[in-house]
**Q** 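Sharing a structure with you now.
Chain A is the first sequence line, chain B the second, and so forth, proteins listed ahead of strands; every chain is numbered from 1. Worth knowing before you read on, the calculation uses all heavy atoms, side chains too, and leaves out hydrogens, waters and symmetry mates.
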Amino acid sequence: MRDITLGQYFPADSVIHRLDPRVKILSLIAFIALVFCSFNYVSLAFTALFVLTIVLLSRVPLKMYLKSLKVIIIIVVITSLLNLFYGTGEPIWQWGIIKVTWAGIHNAIFVCVRVICLILLSSALTFTTSPTDLTDALERLMKPLTVFHIKVHEIAMMMTIALRFVPTLLEETDKIMAAQKARGADMESGNLANRIRALTPVLIPLFVSAFRRAYELAVAMECRCYQGGEGRTRMKQLHLGKRDAVCIVVGLLVIAAVVLLDIFFAAYV
Amino acid sequence: MSILSVKDLTYVYSQGTPFEHTAVDKLSFEIERGDFIGIIGHTGSGKSTLVQMLNGLIKPTSGAVYLDNINIWDKPKEIRKIRFKVGLVFQYPEYQLFEETVEKDIAFGPTNIGLNEKEIKERVLQAAKFVDLNPELLVKSPFDLSGGEKRRAAIAGVIAMDPDILILDEPCAGLDPLGRDILLSQIYSYHKERGNTVLLVSHSMEDVGTVCDKVMVMNRSRLEMFDTAQRVFSQGERLQKLGLRIPQITSVIDELIDAGFPLKRGTLTVEQAVEDITEYLKREGRL
């Protein structure tokens with residue numbers, strides 16, 4: 001149960017850590033688009049290299065990145081295999097309905113590299129940005145949506161609270177499971193239907209306690225006169241600094257480079 | 001013959017990671033049938049980990065727990081049977097209630113044992129009686145009960161399994177003083193009537209002093225003392241060094257002894273103290 005790590009922030013002191021979270025989120029979106037816009041081997045290699053540079057700059061142990069890659073490695077393998085076997089064009093090797101074509105091999109390599117880059121990039125964001133910074137930044141980024149009467153602050157607050165309570169609820173689940181096991185609940189054996197039924201004694205107390213906690217938290221917030229986003233100031237103001245400007249410039253240069261590489265090496269597909 | 005014994009019991013959390021932490025370190029002791037034992041110790045001294053090993057909820061890193069001279073992990077597939085024999089009531093057990101009615105909730109344990117309907121019904125009524133739960137409440141939803149009633153219903157859920165050994169982890173936490181006294185006396189009379197073994201984890205020295213025959217003192221994952229309550233609580237200074245204290249009445253009597261009055265060290269209850277003092281005063285002709 002404890003192995004589930006949501007909000008896997010890894011505190012360290014690196015350039016990436018110190019960037020403004022808004023810049024990081026926007027860069028992530030831009031670079032994800034970039035990964036899918038690298039159409040030939042040269043630009044793909046360039047993008048991959050760039051992603052690796054970010055990973056190294058973040059000063060988060062490579063082991064952590066490998067761990068997050070481990071989770072999706074099966075998906076990568078399956079999609080690569082599907083691409084490998086279902087390519088179009090002249091087959092270079094055939095066995096029954098399974099055939100391998102050059103197009104298939106290219107596709108497989110592209111998908112594989114792209115998905116890995118994707119995971120590395122988003123891991124880099126979550127490793128270097130604390131959950132509160134993330135939601136803060138999202139709140140600021142979504143602010144224009146208030147025009148459409150969307151309660152941006154409230155949404156961000158909900159996200160913060162949800163993230164905050166994940167470890168608490170996990171711990172609670174552990175406790176309740178132990179208590180029901182002590183009363184002879186059997187959760188490790190039986191078929192799927194039985195196992196699902198065995199979850200009732202855990203889920204109901206868990207929901208009850210989640211509601212209780214929500215209610216208590218609401219009262220505590222009201223006691224401190226919380227009334228939503230209007231007129232609320234923040235303790236930590238986000239400021240764009242020199243570092244962020246450099247990051248934006250570098251990002252734009254990389255995007256330009258990839259587009260140029262896409263055009264000049266269009267033959268290397 | 002000892003009903004429960006442990007040998008070199010050790011438990012290490014997150015072994016092999018930087019967060020490695022030894023919660024229980026080479027514990028060995030024996031518990032006799034019919035004992036009422038208090039377990040005291042600082043927060044984080046390993047009490048909760050210890051009791052969870054005693055009923056097989058967590059598997060010891062090394063060492064073994066013997067129930068009736070059989071290692072409980074000899075047959076890992078039958079570990080559930082151990083949990084029926086060693087009933088464990090967790091801290092704040094009311095948070096485990098889940099059924100539609102109190103009756104069904106208390107019946108959860110006995111049903112898991114595989115008893116027939118008649119036996120289950122009997123067990124539920126009996127358990128409810130032990131914790132003095134009004135039979136009218138049995139048809140109610142457990143979420144409609146008061147805090148104290150919920151607590152008692154949850155304890156009844158474990159008693160209904162009729163365990164040979166009953167372990168209670170801080171059963172009185174968060175109850176008002178009257179509720180504490182009532183619950184404690186119910187547990188005590190349950191122990192007297194059934195004659196089974198009870199282990200009580202508590203932070204209240206008064207509670208432990210009033211009901212327990214023997215006391216186990218845990219300190220920094222180790223067993224510091226294990227002796228009769230009287231002998232343990234005669235060592236006020238040693239307990240103080242461990243960040244624990246002795247029951248209030250015991251320390252009052254200790255002060256009187258230091259002031260020159262011939263009383264007994266390790267007096268555990270107010271009743272006993274009153275008796276001793278009256279006797280002394282009579283002897284002196286002052287009463």
**Q** Any chance CD of E20(B) has more than 12 other-residue heavy atoms, nucleotides or ligands included, within less than 6.0 Å?
**A** yes
**Q** If you count heavy atoms of other groups shown closer than 6.0 angstrom to CZ of F207(A), is the number above 12?
**A** no
**Q** Decide whether a cation-pi geometry holds between R212(A) and Y95(B); the criteria are a distance under 6.0 Å from NZ or CZ to the six-membered ring centre and an angle within 45° of the ring axis.
**A** yes
**Q** Given heavy-atom pairs under 4.5 angstrom as the criterion, report whether the side chain, backbone, both or neither of L57(B) touches chain A.
**A** side chain
**Q** Would a 4.5 Å heavy-atom cut-off, applied to side chains only, mark K175(A) and Y92(B) as touching?
**A** no
**Q** Tell me which one of L203(A), I204(A), L206(A) satisfies side chain to side chain contact (heavy atoms under 4.5 Å, CB included) with F98(B).
**A** I204(A)
**Q** Ignoring hydrogens and geometry, is there a side-chain-to-backbone donor-acceptor pair from Q96(B) to P205(A) under 3.5 Å?
**A** no
**Q** Taking R83(B) for its side chain and G184(A) for its backbone only, find out whether a donor-acceptor pair lies under 3.5 Å.
**A** no
**Q** Ignoring hydrogens and geometry, is there a side-chain-to-backbone donor-acceptor pair from N112(B) to R183(A) under 3.5 Å?
**A** yes
**Q** Taking atom CZ of R194(B) as the centre, report whether more than 12 heavy atoms of other residues, nucleotides or ligands fall under 6.0 Å from it.
**A** yes
**Q** Measuring from atom CG of D186(A) to atom CD1 of I79(B), what distance do you get when rounded to the nearest 0.5 angstrom?
**A** 12.5 Å
**Q** Around E216(A), counting heavy atoms of other residues, nucleotides and ligands shown, do more than 12 lie under 6.0 Å from its CD?
**A** yes
**Q** Quick check: are there more than 12 heavy atoms from other residues, nucleotides or ligands sitting under 6.0 Å from CD of E119(B)?
**A** yes
